Amino acid sequence: MTQNMSFLRNFFLYKCLFALTFWNHVSLSVEDELFTSVSNSFPEDGSNQKIKSLPLLYTKSNQSRDDSNWVVIQNTTESLSLSEITNKNVNKLLALLSNFRQGSRLQNLTLTNMSVDWNALMEILQTVWHSSVEYFNISNVTQESDIKRYDFNYSGTSMKALTLKKIKLTDLYFSQNDVYRIFADMNIADMTIADSEMIHMLCPSSKSPFRYLNFLKNDLTDLLFQKCDNLHQLETLILHKNKFESLLKVSFMTSRMSSLQYLDMSNNLLRHDGAAVRCQWSESLSELDLSSNQLADAVFECLPVNVRKLSLQNNQISNVPRGMVELKSLEELNLASNRLADLPECGGFASLQFLNVEMNSILTPSADFFQSCPRVRELQAGHNPFKCSCELQAFIGLERQSGGKLFGWPAAYVCEYPEDVRGTELKDFHLSQLACNTTLLLVTALLLTLVLVAVVAFLCIYLDVPWYVRMTWQWTQTKRRARHDSPGDQGPVLQFHAFISYSERDSLWVKNELIPSLEKGEGCIQLCQHERNFIPGKSIVENIINCIEKSYKSIFVLSPNFVQSEWCHYELYFAHHKLFSENSNSLILILLEPIPPYLIPARYHKLKALMAKRTYLEWPKERSKRALFWANLRAAISINLPKADENCYE
């Protein structure tokens with residue numbers, strides 16, 4: 001009975017294996033196959049399209065579990081994806097995989113969530129190595145036992161790409177050769193070991209066919225591949241997110257890789273402070289990613305001369321030194337997220353076509369960038385703290401001249417300083433040419449000054465301002481001398497009823513008509529006349545001022561002769577000055593003869609104003625009206641002066 005049960009169990013197992021093998025060869029599934037690159041497999045690594053490996057397999061939503069206790073994620077003619085591999089079902093897995101000999105249609109194999117011994121892991125890898133599988137993915141593996149030496153057979157394989165992700169070794173004490181030698185000597189083109197805390201990798205023992213190596217997110221250091229001569233076919237090397245520190249040693253690492261074209265050293269701890277030893281890069285290296293490191297300006301002393309695409313994003317670069325670097329083949333340069341204060345010059349980058357300087361410290365970028373870099377087709381300079389001032393006007397005009405070469409314009413170009421224009425797009429910021437052109441501003445100011453001087457000079461000449469200034473000075477000096485000579489005086493004492501101002505040509509009328517009619521007859525009126533009352537020894541101006549100040553009224557005999565007399569104008573000016581300074585009504589105008597307006601000089605604007613605003617007495621030609629004229633004149637002068645009786649003329 002026991003033998004029968006054993007026979008039935010073995011028979012059932014063979015039937016299952018036969019069914020699976022038959023299923024694989026006959027292609028029972030009609031599902032579409034979906035292949036994706038390793039960049040989808042490792043979304044956190046930040047690698048670009050250069051990363052390539054075996055495709056990840058499409059995962060069914062309806063997972064099924066077979067009798068071997070693993071989970072079938074996908075099962076098609078050319079693709080198989082299994083999960084939950086343990087030591088309990090590893091033998092069954094080996095038996096299954098041994099059926100996929102070379103010539104089978106299975107090309108893609110993925111194993112996830114494995115928890116097996118080191119020896120079992122190697123057995124799986126060895127079995128797949130001699131199968132028809134070309135792309136082999138292993139992820140989330142926990143090695144449970146001690147690591148021991150395994151003699152791996154590399155002959156006769158269809159393998160093209162191997163990907164190992166998240167391999168956890170629980171054995172802390174093992175020989176590096178027992179682990180790394182197995183992978184270093186693999187005779188395949190592509191290999192990826194990612195996110196596995198790998199601290200080292202050995203150089204292949206012989207000439208290696210590796211063309212693609214991806215060791216992202218490990219713990220590799222500057223010791224990797226130093227003095228390694230067996231990687232002559234390697235074209236792509238990705239060392240993203242490791243612990244490299246010396247850029248000089250990285251250059252030595254690549255110097256013997258004669259076919260290397262792409263190197264990703266981003267997100268490491270790289271520094272280069274300058275050294276007496278010159279960097280030695282692979283001459284074939286054309287693309288280099290050094291972003292997110294600790295590199296400063298000295299990095300330009302240590303760059304591959306034939307590089308075409310260079311990324312120095314997110315470092316500590318503040319300036320691109322002139323004459324330090326000569327990269328004649330450089331076409332793309334990424335300097336985003338550094339500390340640049342201005343756009344670099346293209347003296348050492350004769351072939352530069354694309355430049356990225358976003359998110360730096362550029363306040364006022366140079367406007368002659370495209371002149372010094374004629375081959376540049378695209379400039380990314382947005383997201384900088386632009387200072388919107390006159391210096392930025394030329395750069396704003398650069399956008400129109402460049403023909404759309406500013407990437408991200410206008411949204412990425414916004415004013416940061418000063419505070420009142422923060423948030424304004426550069427295309428909306430405008431200043432006048434006068435405010436920004438110093439030469440134009442000086443010329444304009446000079447012209448305005450000359451115009452102002454000319455206008456003032458014209459007005460001075462037209463209004464006789466120098467004459468008035470001179471008269472004001474005479475008035476001030478006379479008043480000052482009067483106060484100095486009589487410091488105890490309380491002010492001038494009125495001695496005369498009126499001061500008479502007239503032209504010498506009208507003196508006959510004054511002497512024959514005016515003086516006799518006022519000083520004789522009823523009411524004694526004391527008049528101040530220059531011929532009899534000016535004090536000898538004093539200047540004419542001083543005598544005029546004294547007479548005006550000692551007189552209650554000032555009588556001006558107006559005629560065409562009056563407006564042609566210089567001294568009459570002086571007397572009128574001083575009398576008018578007294579009118580305003582003492583706020584008195586002391587002016588009496590007698591129009592002896594009509595004065596045509598064209599005869600009054602332009603500087604006699606006071607006389608014009610007085611004749612237009614004040615009432616004047618006109619000398620009548622009819623004798624019958626003269627009695628009223630004298631009565632009105634006496635009434636205008638009427639005032640009682642001290643000692644008036646003693647001063648009256650008989």
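Numbering of residues begins at 1 and proceeds along the displayed sequence. Just so you know, these numbers come straight off a predicted model, no measurement behind them.
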Partner of N268 under side chain to side chain contact (heavy atoms under 4.5 Å, CB included), chosen from L220, T221, N242, D222: N242
Going by the side-chain hydrogen bond (donor to acceptor under 3.5 Å, both in side chains) test, name the single residue among R308, R377, R375 that passes it with Q353. R377
Compare every heavy atom of L248 with every heavy atom of V277, then report the nearest pair and how far apart it is. O-CD1, 3.8 Å
Taking atom CD of Q316 as the centre, report whether more than 12 heavy atoms of other residues, nucleotides or ligands fall under 6.0 Å from it. yes
Side-chain (S259) to main-chain (L234) donor-acceptor, under 3.5 angstrom: no
Nearest heavy-atom approach of G156 to H130 is O-ND1, 3.4 Å
So M191 and I193, do their side chains get closer than 4.5 Å, heavy atoms only? yes
Test item: side-chain donor near acceptor, S337 and N314, under 3.5 Å: no
How many angstroms lie between atom CG of L343 and atom CZ of F370, to the nearest 0.5 angstrom? 8.5 Å
Can you list the steps and then say if K165 with D195 is a salt bridge (Lys or Arg N to Asp or Glu O under 4.0 Å)? CA-CA 6 Å; K165 179 182 177 183; D195 199 7; 6.0 Å; no
Could you check whether atom CZ of R271 has more than 12 heavy atoms from other residues, nucleotides or ligands sitting under 6.0 Å from it? no
Could you tell me whether a side-chain N or O of S284 sits under 3.5 Å from a main-chain N or O of L260, the two making a donor and an acceptor? yes
Under the side chain to side chain contact (heavy atoms under 4.5 Å, CB included) criterion, do Y180 and I199 qualify, and how do the steps go? CA-CA 10 Å; Y180 301 133; I199 61 174; 3.6 Å; yes
Inter-residue atom distance I182.CD1 - D151.CG, 0.5 Å rounding: 8.5 Å
Heavy-atom side-chain contact between S311 and E332 under 4.5 Å: no
Does either side chain, that of D297 or that of S318, offer a donor lying less than 3.5 Å from an acceptor on the other one? yes
Does R181 reach the main-chain N or O of C203 with its side chain, forming a donor-acceptor pair under 3.5 Å? yes
Just by modelled atom types, is the N153 backbone N or O under 3.5 Å from a matching donor or acceptor in the Q126 side chain? yes
With F152, which residues qualify under ring pair (Phe, Tyr, Trp, His ring centres under 6.0 Å), at least two apart? W129, Y154
To the nearest 0.5 Å, what is the distance between CD (Q176) and CG (D178)? 10.0 Å
Any donor-acceptor N/O pair, N356 side chain to A336 backbone, under 3.5 Å: no
CD of Q233 to CG of N230: how many Å apart, nearest 0.5 Å? 11.0 Å
Side chains of V376 and F369: does their closest heavy-atom pair fall under 4.5 Å? yes
For Y150 and N119, indicate whether the former's side chain and the latter's backbone hold a donor-acceptor pair under 3.5 Å. no
S266/D264 under side chain to side chain donor-acceptor pair (under 3.5 Å): CA gap, chis, key distance, verdict: CA-CA 6 Å; S266 59; D264 184 355; 2.7 Å; yes
What's the verdict on side chain to side chain contact (heavy atoms under 4.5 Å, CB included) for L109 and L97, showing C-alpha distance, side-chain angles and the deciding distance? CA-CA 10 Å; L109 176 62; L97 296 177; 3.9 Å; yes
Chi angles and distances behind the side chain to side chain contact (heavy atoms under 4.5 Å, CB included) call for N293, F244: CA-CA 10 Å; N293 281 283; F244 291 87; over 6 Å; no
Over 12 non-hydrogen atoms of neighbours within 6.0 angstrom of NZ in K328: no
Tell me if a side-chain donor or acceptor on N108 pairs with a main-chain N or O of Y135 at a distance below 3.5 Å. no
Quick check: does any side chain N or O of N306 sit under 3.5 Å from a backbone N or O of E283, one acting as donor and the other as acceptor? yes
Short question: side chain of N360, backbone of E358 - any donor-acceptor pair under 3.5 Å? yes
Do W281 and L288 come within less than 4.5 Å of each other through their side chains, counting heavy atoms only? yes
Within this structure, what is the CG-OG distance for the pair N267 and S291, rounded to the nearest 0.5 Å? 6.0 Å
Determine whether the side chains of S115 and E144 contain a donor N or O and an acceptor N or O closer than 3.5 Å. yes
What's the shortest heavy-atom distance between L269 and Q294, and which atoms? CD2-NE2, 3.8 Å
If every non-hydrogen atom of E197 is compared with every non-hydrogen atom of N218, which pair is closest and at what distance? N-OD1, 3.2 Å
Look at atom NZ of K249 and say whether more than 12 heavy atoms of other residues, nucleotides or ligands are closer to it than 6.0 Å. no
Closest approach of E287 to L285 (non-hydrogen atoms, all atoms of both residues): O-CD1, 3.5 Å
Is there a donor-acceptor pair under 3.5 Å between the side chain of S81 and the backbone N or O of Q74? no
So do D190 and I188 actually touch side chain to side chain, heavy atoms under 4.5 Å? no
Determine whether L213 and F225 satisfy the following criterion, side chain to side chain contact (heavy atoms under 4.5 Å, CB included), listing intermediate values before the conclusion. CA-CA 12 Å; L213 288 178; F225 294 151; 4.1 Å; yes
Heavy-atom closest pair, residues K243 and D219: CE-OD1, 3.4 Å
